[in-house]
Student: 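My questions all concern the structure below.
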Amino acid sequence: MLRAATREAISAAAEIVRSGGLVAFPTETVYGLGANALDAFAAAKIFEAKARPTFDPLIVHIADDAMLRLVVDEPIPPLARRAMQRFWPGPLTLVLPKNSRVPDLITAGLSTVAVRIPAHRVAHALVMHAGVPIAAPSANPFGALSPTCAEHVQATLGDRVACILDDGPTPFGIESTILAFLPEPTILRPGAIAREAIEEALGCNVAVVSIATSTPSVPGQLPQHYAPRIPLRIVDPASVAPEDRRRAGLLAFRDDVPGYGASRILSPSGNLPEAAAQLFAHLHDLESSDIDRIDAQEIPEVGLGVAIMDRLRRASIKS
Ligand code: TXA
Ligand code: MG
């Protein structure tokens with residue numbers, strides 16, 4: 001079930017994908033739950049395994065330009081081309097006009113498809129060996145915390161998936177940034193590539209669709225998402241009374257606060273990429289600690305801090 005991601009394991013997983021099965025695999029962002037993106041029946045198994053509503057579309061992972069032409073149609077906006085040149089392979093997902101080969105189930109009936117070339121050695125080799133684009137959401141039950149190591153997948157979807165390729169913790173630890181062209185370049189989900197870097201590469205301003213305003217106009221913009229099993233609130237821990245700390249866990253940015261029942265520090269040096277990489281692993285640890293709630297400290301909203309705060313806000317919304 002859990003297999004070290006050797007060449008043999010990757011080709012076995014590719015064979016499972018080709019024959020319509022499900023595999024979990026590491027990407028540079030989080031672990032994905034993949035199936036052949038050109039096979040509606042295979043993709044349906046993803047929705048079933050995750051208990052994911054079918055109005056929430058999937059990201060399609062490709063290996064090269066030939067596969068891109070298979071899943072998208074012209075016109076590809078010139079700014080999208082520029083983003084590809086600068087950020088692919090890598091954690092930037094582009095929303096582009098969909099080719100009719102892509103089953104409607106994958107795109108929730110939209111005329112666009114979300115696509116990226118992953119930079120992770122294992123993800124890239126898996127798509128290459130499979131020879132087909134691979135649709136893959138994060139490998140967690142719908143709405144739960146994203147998995148940043150193979151054990152997270154094993155614990156929640158272990159009995160739903162034929163194979164989990166294990167390559168240790170994922171380097172970015174937070175999902176890809178999703179960029180659409182409406183036609184203005186617009187970030188639909190802040191993620192592993194900061195808005196500032198995209199603006200620099202494109203030479204223009206990039207808008208961000210905020211969850212605060214979301215009635216989900218774009219599918220998948222569901223405000224409640226990435227939630228731990230216990231309540232999470234965003235709070236200044238220094239303002240929490242000591243007797244209220246004992247049964248709570250602290251997710252701190254740089255500095256610990258005494259008196260909490262459990263605590264995790266995202267980055268003692270205040271490094272935002274490091275904090276992003278630790279976010280889900282720490283939340284997984286805290287949700288399985290003997291505490292009743294998580295107090296998350298605010299993170300500066302610059303660079304990757306925007307993606308971190310997006311995940312924390314969604315995690316703090318009660319369903
Ligand atoms: O880093 C990642 O992106 C990871 C790894 C596995 O690649 N994948 C991931 O997938 O985070 P998932 O399913 O958790 O997020 C997919 C989201 C949807 O919820 C939706 O917001 C957006 O991608 N999406 C997909 N297709 C779209 C489309 N055609 N238009 C707008 N948004 C779309
Ligand atoms: Mg997800």
Side-chain angles (χ1 to χ4, degrees), residues 1-39 41-52 56-63 89 91 93 105-106 114-176 191-192 220 225-226 277 279-281 283-284 287-288:
M1 179 70 65
L2 255 191
R3 281 188 76 176
T6 59
R7 285 173 66 98
E8 295 71 40
I10 293 170
S11 29
E15 186 48 47
I16 294 173
V17 170
R18 270 199 303 276
S19 57
L22 289 185
V23 300
F25 62 97
T27 80
E28 70 275 37
T29 58
V30 299
Y31 275 70
L33 179 66
N36 181 351
L38 301 180
D39 177 347
F41 188 64
K45 295 178 188 168
I46 296 177
F47 289 92
E48 192 191 16
K50 284 187 58 124
R52 179 179 175 116
D56 194 9
L58 306 178
I59 292 173
V60 174
H61 299 71
I62 57 172
T93 297
L105 177 65
I106 293 207
V115 58
R116 76 182 187 98
I117 301 184
H120 195 285
R121 169 189 74 87
V122 175
H124 197 263
L126 179 67
V127 180
M128 287 290 283
H129 275 76
V132 291
I134 295 183
S138 49
N140 52 279
F142 181 71
L145 295 173
S146 295
T148 55
C149 64
E151 290 76 15
H152 293 157
V153 184
Q154 171 84 342
T156 52
L157 295 176
D159 55 346
R160 312 302 302 259
V161 52
C163 167
I164 302 171
L165 291 174
D166 182 1
D167 195 50
T170 58
F172 284 90
I174 200 156
E175 295 86 348
S176 62
H225 218 85
Y226 314 102
L279 175 69
F280 284 118
L283 286 172
H284 276 281
E287 77 168 2
S288 35

Student: Examine distances only and state if a side-chain atom of Arg18 and a backbone atom of Val132 form a donor-acceptor pair shorter than 3.5 Å.
Tutor: no
Student: The test is side chain to side chain contact (heavy atoms under 4.5 Å, CB included); show your working for Val30 and His152 and say whether it passes.
Tutor: CA-CA 10 Å; Val30 299; His152 293 157; over 6 Å; no
Student: Using 0.5 Å steps for rounding, measure from the CD1 atom of Ile46 to the CD1 atom of Ile106.
Tutor: 6.5 Å
Student: Would a 4.5 Å heavy-atom cut-off, applied to side chains only, mark Phe280 and Thr170 as touching?
Tutor: no
Student: Kindly say whether Ala139 contributes a backbone atom to a donor-acceptor pair with the side chain of Lys50 at under 3.5 angstrom?
Tutor: no
Student: Heavy-atom distance under 4.5 Å between the side chains of Pro141 and Leu157, does that happen here?
Tutor: yes
Student: Nearest heavy-atom pair of Leu22 and Ala42: which atoms, and what distance?
Tutor: CD2-O, 4.2 Å
Student: How far apart are the C-alpha atoms of Tyr31 and Asp166, what are their side-chain angles, what is the distance that settles it, and do they pass the side chain to side chain contact (heavy atoms under 4.5 Å, CB included) test?
Tutor: CA-CA 9 Å; Tyr31 275 70; Asp166 182 1; 3.7 Å; yes
Student: Determine whether Val23 and Cys163 make a side-chain contact, defined as any pair of heavy atoms from C-beta on separated by less than 4.5 Å.
Tutor: yes
Student: Does a side-chain heavy-atom distance below 4.5 Å link Pro118 with Pro89?
Tutor: no
Student: Thr93 and Ser176: side-chain donor and acceptor closer than 3.5 Å?
Tutor: yes
Student: Could you measure the distance from the OG atom of Ser11 to the CG atom of Leu126? Nearest 0.5 Å is fine.
Tutor: 10.0 Å
Student: Please report the shortest heavy-atom distance between Ile164 and Ala150, naming the atom on each side.
Tutor: CG2-CB, 4.0 Å
Student: Do the side chain of His61 and the main chain of Ile134 share a donor and acceptor less than 3.5 angstrom apart?
Tutor: yes
Student: Over all heavy atoms of both residues, which pair between Ala13 and Leu165 is shortest? Give the atoms and the distance, please.
Tutor: CB-CD1, 3.9 Å
Student: Rounded to the nearest 0.5 Å, what separates atom CG in Asp159 from atom CD in Gln154?
Tutor: 9.0 Å
Student: Write down the atom of Pro147, the atom of Ser138, and the distance for their closest heavy-atom approach.
Tutor: CD-CB, 4.1 Å
Student: Within a reach of under 6.0 Å around CE of Met1, are more than 12 heavy atoms found that belong to other residues, nucleotides or ligands?
Tutor: yes
Student: Under 3.5 Å, is there a donor-acceptor pair between the side chain of Thr27 and the main chain of Thr29?
Tutor: yes
Student: Does any non-hydrogen side-chain atom of Arg160 lie less than 4.5 Å from one of Leu33?
Tutor: no
Student: Any luck finding a side-chain donor-acceptor pair between Ser146 and Glu175 under 3.5 Å?
Tutor: yes
Student: Restricting to non-hydrogen atoms, name the atom on Ala51 and the atom on Phe142 that form the minimum distance, rounded to 0.1 Å.
Tutor: O-CB, 3.3 Å
Student: Give a yes or no on whether the backbone of Ile10 and the side-chain of Arg3 come within a donor-acceptor separation of less than 3.5 Å.
Tutor: no
Student: Taking all atoms of both residues into account, what is the closest heavy-atom pair of Val153 and Ala24, and its distance?
Tutor: CG1-CB, 3.8 Å
